2 protein chains.
Amino acid sequence: MRRDIFQAIADPTRRAIIALIALQAMTPNTIAENFNTTRQAVSKHLRILTECQLVKQEQQGREIYYSLEIEKMKEIDKWLEQYRKIWENRFNQLDQVLSTIKKQKKNEK
Amino acid sequence: MRRDIFQAIADPTRRAIIALIALQAMTPNTIAENFNTTRQAVSKHLRILTECQLVKQEQQGREIYYSLEIEKMKEIDKWLEQYRKIWENRFNQLDQVLSTIKKQKKNEK
DNA sequence: CATATGTGCAACTATTTGGTTTCGCAAATT
DNA sequence: AATTTGCGAAACCAAATAGTTGCACATATG
């Protein structure tokens, strides 16, 4: 099933899970211990995160270790890029204003 | 009312609205014309976007012009920063591997 | 082989969400 | 003054969502 990455990171619990498994791979039980939820609830979140490839899993015996697929996070960064251009451009414009003021002061001397 | 910015950008229609008003300020009617929705639906989206300060409004007569509050977008960038560190670090590690291979080839000559 | 442990999945529920319809109000237009 | 236009808000509805409970299954452990 395909899944929107922005919809996936909308839930605060899922963002907390992402932050947790970004540091090291974890089993659903271990993740659940870090929050006030059941393992089943975590499992559902992990499924959603897996569906949009934000998370990968590695089975070891009966345990399944989940970890962050960092490559997928770049997709958000890519979306943000268009807006970064805007705020950086705005910064440059401010920069120009400041240097203009500077020049004017110079001429006043 | 306070509102989670990640929840705000989760909806694809809202992201489209953001992209639209990032370029220039627009009235709800104009925005609605660009999509397959009613003005009322757009109005609801704008309300949500306003509630998390992603959007600002300026009244001109009976028209209200909505535009993007670019500063708020940086909040997403800030959240992404912790993960950017991870993928940049990973890239550096790859870089080291590549330069090691290069050195080895050099020594083979 | 019996039991304990780790897991995903389905059914169910309360809540949230995105959309439509209807309304009232203020500003423009006639 | 009457009508049109632009707007937000409330009421309503269908669909999605997050969580709980109960289950089945596979892998360890005794």
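Worth knowing before you read on, the calculation uses all heavy atoms, side chains too, and leaves out hydrogens, waters and symmetry mates. In what follows, chains are A, B, ... by sequence order, proteins preceding strands, each numbered from 1. What you see is a predicted model, and the numbers here were worked out from it, not measured in a lab.
- Residue contacts shown for Q7(B) are limited to sugar-phosphate atoms, with no base heavy atom under 4.0 Å away.
- DNA chain C is contacted by no residue of residues 9-17 of chain A, taking any non-hydrogen atom closer than 4.0 Å.
- Every residue meeting the salt bridge (charged side-chain N to carboxylate O under 4.0 Å, His left out) condition with K72(A), not counting sequence neighbours, appears here in chain and number order: E75(A).
- One finds the CD1 atom of I9(B) at 9.5 Å from the CG atom of D4(A) (value rounded to the nearest 0.5 Å).
- One interatomic measurement links the two molecules: NE2 of H45(B) to C1' of dA9(D), which rounds to 16 Å at whole-angstrom precision.
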With the criterion being N/O to N/O and under 3.5 Å, what pairs connect the protein with nucleotides 4-8 of chain D, and how long is each?
unit_1 : atom_1 : unit_2 : atom_2 : d
dT5(D) : O2     : R62(B) : NH1    : 2.8
dC7(D) : OP2    : N29(B) : N      : 3.2
dC7(D) : OP2    : N29(B) : ND2    : 2.7
dC7(D) : N4     : R39(B) : NH2    : 3.4
dG8(D) : OP1    : Y66(B) : OH     : 2.1
dG8(D) : OP2    : S43(B) : OG     : 2.8
dG8(D) : N7     : R39(B) : NH1    : 3.0
dG8(D) : O6     : R39(B) : NH2    : 3.2

Let me have the donor-acceptor pairs involving side chains of residues 34-46 of chain A, under 3.5 Å, with sequence neighbours excluded, atom names and distances please.
unit_1 : atom_1 : unit_2 : atom_2 : d
N34(A) : ND2    : T30(A) : O      : 2.8
T38(A) : OG1    : A41(A) : N      : 3.3
H45(A) : ND1    : R14(A) : NH1    : 3.1

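- By the rule that hydrophobic residues join a cluster once side-chain heavy atoms approach within less than 4.5 Å of another member, L23(B) and V55(B) end up as members of separate clusters.
- For residues 77-87 of chain A, the pairs satisfying salt bridge (charged side-chain N to carboxylate O under 4.0 Å, His left out) are D77(A)-R84(A), D77(A)-R84(B), E81(A)-R84(A), R84(A)-D77(B), with sequence neighbours left out.
- Taking CD1 of I48(B) as the reference point, atom CD1 of I5(B) lies at 13.5 Å (rounded to 0.5 Å).
- Taking 4.5 Å as the limit, some side-chain heavy atom of I76(B) sits within range of a side-chain heavy atom of W79(A).
- Using a 4.5 Å heavy-atom cutoff, the side chains of I17(B) and Y66(B) are not in contact.
- Between the side chain of E71(B) and the main chain of M73(B), no donor-acceptor pair closer than 3.5 Å is present.
- Here the closest non-hydrogen pair linking P28(B) and I64(B) is CD-O, 3.4 Å.
- Contact footprint of chain A on DNA chain C: nucleotides with an atom under 4.0 Å from a non-hydrogen protein atom, first to last in 5' to 3' order, dA4(C) to dC9(C).
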